[in-house]
Amino acid sequence: GGGGASGEPQARHMVETLLAERVSLDTEAEGGALCQEVLEGEEWVVDTVSRAGEHKCVALWRYGKGEANGAPFVNFYDELRPCAGEGEERLVRYALAGI
């Protein structure tokens, strides 16, 4: 499951609830939870491939997300973007430096 918390106490409660739930039919599977801060604005995704230590950008996406109809995380658009352009090239260099 997932959702959004408005503060640390609510986030702690949500994590505790998730950890208490059985999430797999595999009786040996250990549970876990991931918490991420929500950042306002567009989301960019850099798809990469790597071979022999060399990394290449194969696609660059821009996602528009927000609230709609009472749902906190609605995807408004996914836009495939060119990897060329000053801002795009900076973003790709930043992503590749993190690999």
For this session: Please report the shortest heavy-atom distance between A68 and F76, naming the atom on each side.
Result: CB-CE2, 3.9 Å
Exercise. Taking atom NE2 of H13 and atom CD of E16, what is their separation to the nearest 0.5 Å?
Worked result: 8.0 Å
Exercise. Do the side chains of D47 and C57 get nearer than 4.5 Å, heavy atoms only?
Worked result: no
Exercise. In chain order, what residues pass the side chain to side chain contact (heavy atoms under 4.5 Å, CB included) check against R62, with sequence neighbours excluded?
Worked result: E42, W44, Y77, E79, R81
Exercise. Who else is in V58's hydrophobic cluster (ILVMFWY, side-chain heavy atoms under 4.5 Å, direct or via others)?
Worked result: V49
Seminar exercise, completed: Applying side chain to side chain donor-acceptor pair (under 3.5 Å) to E8 and not counting sequence neighbours gives R12
Seminar exercise, completed: Residues passing the side chain to side chain contact (heavy atoms under 4.5 Å, CB included) test with A11, sequence neighbours excluded, are A5
Exercise. Would a 4.5 Å heavy-atom cut-off, applied to side chains only, mark N69 and V74 as touching?
Worked result: no
Exercise. Residues two or more places apart in sequence or in another chain: which of them pass side chain to side chain donor-acceptor pair (under 3.5 Å) with E89?
Worked result: none
Seminar exercise, completed: dist L60:CG -> T48:OG1 (nearest 0.5 Å) comes out at 11.5 Å
For this session: Not counting sequence neighbours, which residues clear salt bridge (charged side-chain N to carboxylate O under 4.0 Å, His left out) with E43? List them please.
Result: K65
Exercise. Considering residues at least two apart in sequence or located in another chain, which fulfil the side chain to side chain contact (heavy atoms under 4.5 Å, CB included) criterion with H55?
Worked result: S50, L96, I99
Problem set entry | Remaining members of the apolar cluster that contains V45, side-chain heavy atoms under 4.5 Å | W61, Y63, L80
Problem set entry | Qualifying residues under side chain to side chain donor-acceptor pair (under 3.5 Å), relative to E67, sequence neighbours excluded | none
Problem set entry | Set of side chain to side chain contact (heavy atoms under 4.5 Å, CB included) partners for R90, sequence neighbours left out | E86, R93
